[in-house]
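One structure is given below, encoded as structure tokens.
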Amino acid sequence: MAEDLNVIILDKDENSRNILKNYLEETGSAKVIGEFADFDAGYDFVLRSGKCVVFVDVSEQFDKALSLIKNIKDNNQEAFIAAVAAAASTDTVIKTMRAGAREFVSKPFIKSEFGSVINTLKQEFGNFEPAQTCKIISTFSNKGGIGKTSIAVNLAVELAQMSKEKVALIDLNFQLGDVATFLDMTPAFAVDYIADNIQNLDEEELLKTMCRYKNTSLYVIADPLNIDKSKEITAEQIQHILDALKKMFSYIVIDIGTNIDSKTITALDNSDLILLIAIVNLPAIRSTQRCMELFDKLGYSSDKIKLVLNRYLENEDIKTSDIEEVVKQKVYWKIPNNYLTMMSAINKGVPVNEINPESNIAVNYKEFAGKLSDYLITQKLNKNYNQRELTI
Ligand SMILES: Nc1ncnc2c1ncn2[C@@H]1O[C@H](COP(=O)(O)OP(=O)(O)OP(=O)(O)O)[C@@H](O)[C@H]1O
Ligand SMILES: [Mg+2]
């Protein structure tokens with residue numbers, strides 16, 4: 001027997017809630033498990049309800065309803081959202097779908113039409129797979145000592161703190177990795193063990209092999225303890241690890257080594273964003289230019305690459321516009337030079353925000369994480385909308 005739909009109704013109008021509830025329950029295949037006039041209370045309930053269909057009325061307070069839909073979509077990926085409105089314009093429908101609604105139902109509800117709406121919902125809900133939302137961000141440069149690890153570590157910490165979602169941080173510097181040192185960790189397992197066993201580990205076991213950073217939602221995979229082990233890891237194993245992590249994490253941050261080999265390329269291919277790290281001096285800028293040529297050969301679109309200037313000082317001799325001209329890429333972000341805070345963080349094995357959250361570098365990392373996550377969400381919404389557009 002098909003499973004009942006668990007339904008939650010968020011609508012300020014009591015009469016409308018009652019009609020919807022009656023129609024739904026008369027179909028004999030839906031159960032209303034909650035109804036709310038207050039969106040905030042309803043939102044909390046939705047987050048606790050796992051797999052469910054949520055009817056959200058967007059007729060009044062449209063902007064508030066839209067942000068509610070976005071929040072539900074981001075925070076309960078098993079919720080299937082159906083928007084409800086009276087006299088909705090095309091613009092309203094598009095905005096609502098773009099925010100994350102999967103269906104649109106017009107008010108007033110007409111009983112005869114409503115049966116087919118429920119059938120459609122049941123069909124869609126039955127086939128509904130939670131959206132693959134994991135995003136992979138890599139830090140890369142073909143030059144050593146430029147700040148790849150500092151950036152990967154501090155960004156991963158900020159993303160975990162900001163989103164409260166699970167973030168994985170992987171050290172792919174197989175010869176000289178130092179992610180674990182930057183976070184003062186002594187992991188029981190490293191990437192070589194995970195690579196050897198990835199096909200046999202279920203999600204729970206995989207999570208146990210990763211090293212959790214304090215009480216946060218950040219989990220680390222460190223480089224192999226034994227350098228010889230690193231030679232045995234294959235690009236295929238890296239792909240398997242990433243495939244498994246994608247199902248469990250909202251973000252994966254990869255600190256990619258300077259070596260360009262098949263493992264590095266696998267990680268780069270899988271990345272949604274590559275943070276190409278440079279500092280403002282001529283040799284570094286030339287190397288960055290060569291990285292761009294490599295990315296071009298690999299067929300990456302310039303959207304995927306974000307040029308980041310690290311250890312940036314105001315009044316640098318070389319102007320940002322000159323760098324952009326040479327590298328043929330806009331500078332996406334600048335991280336200030338703050339040697340003392342950075343060194344103190346590395347020596348204590350903590351992120352910069354634990355040394356001084358008010359420091360220019362800690363504030364900068366927080367803003368950077370916010371900008372990246374906004375960018376990735378917008379990309380995701382646009383993708384969903386484009387898919388939707390084909391079927392509208
Ligand atoms: N914004 C910054 N301001 C000042 N110093 C910084 C900054 N970012 C990184 N550093 C310093 O630069 C040095 C190199 O940083 P990091 O180890 O992160 O670079 P890397 O590119 O990962 O190096 P490697 O290629 O050896 O892995 C460290 O000593 C660090 O303290
Ligand atoms: Mg490093």
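First listed ligand is number 1; within each ligand, the first listed atom is number 1.
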Could you tell me whether the side chains of [X] and [Y] share a donor-acceptor contact shorter than 3.5 Å?
{"X": "D171", "Y": "N173", "value": "yes"}
{"X": "Q239", "Y": "D243", "value": "yes"}
{"X": "D57", "Y": "S59", "value": "yes"}
{"X": "N347", "Y": "S344", "value": "no"}

Which protein N, O or S atoms lie under 2.8 Å from the Mg ion (ligand 2)?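 Protein N, O or S atoms closer than 2.8 Å to the Mg ion (ligand 2): T149 OG1.
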With side-chain contact (heavy atoms from CB on, under 4.5 Å) as the test, pick out the partner of F140 among D255, L275, T264.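 Filter result, single survivor: T264.
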Using the ring pair (Phe, Tyr, Trp, His ring centres under 6.0 Å) rule, collect all pairs that involve residues 296-345, keeping only residues at least two apart or in two chains. F295-Y300, W333-F368
How would you list, by chain and number, the residues with a heavy atom under 4.0 angstrom from ligand 1? G144, G145, I146, G147, K148, T149, S150, F182, N310, R311, I335, P336, N337, N338, Y339, M342, M343, I346, I361
If you count the non-hydrogen atoms of other residues, nucleotides and ligands that lie under 6.0 Å from NZ in K31, is the total more than 12? no
Given the ring of F39, does K12 sit roughly above its face, with NZ or CZ under 6.0 Å from the centre of the six-membered ring and within 45° of the axis?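 That pair qualifies as a cation-pi contact.
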Applying side-chain hydrogen bond (donor to acceptor under 3.5 Å, both in side chains), name anything that partners K64, two or more places apart in sequence or on another chain. none
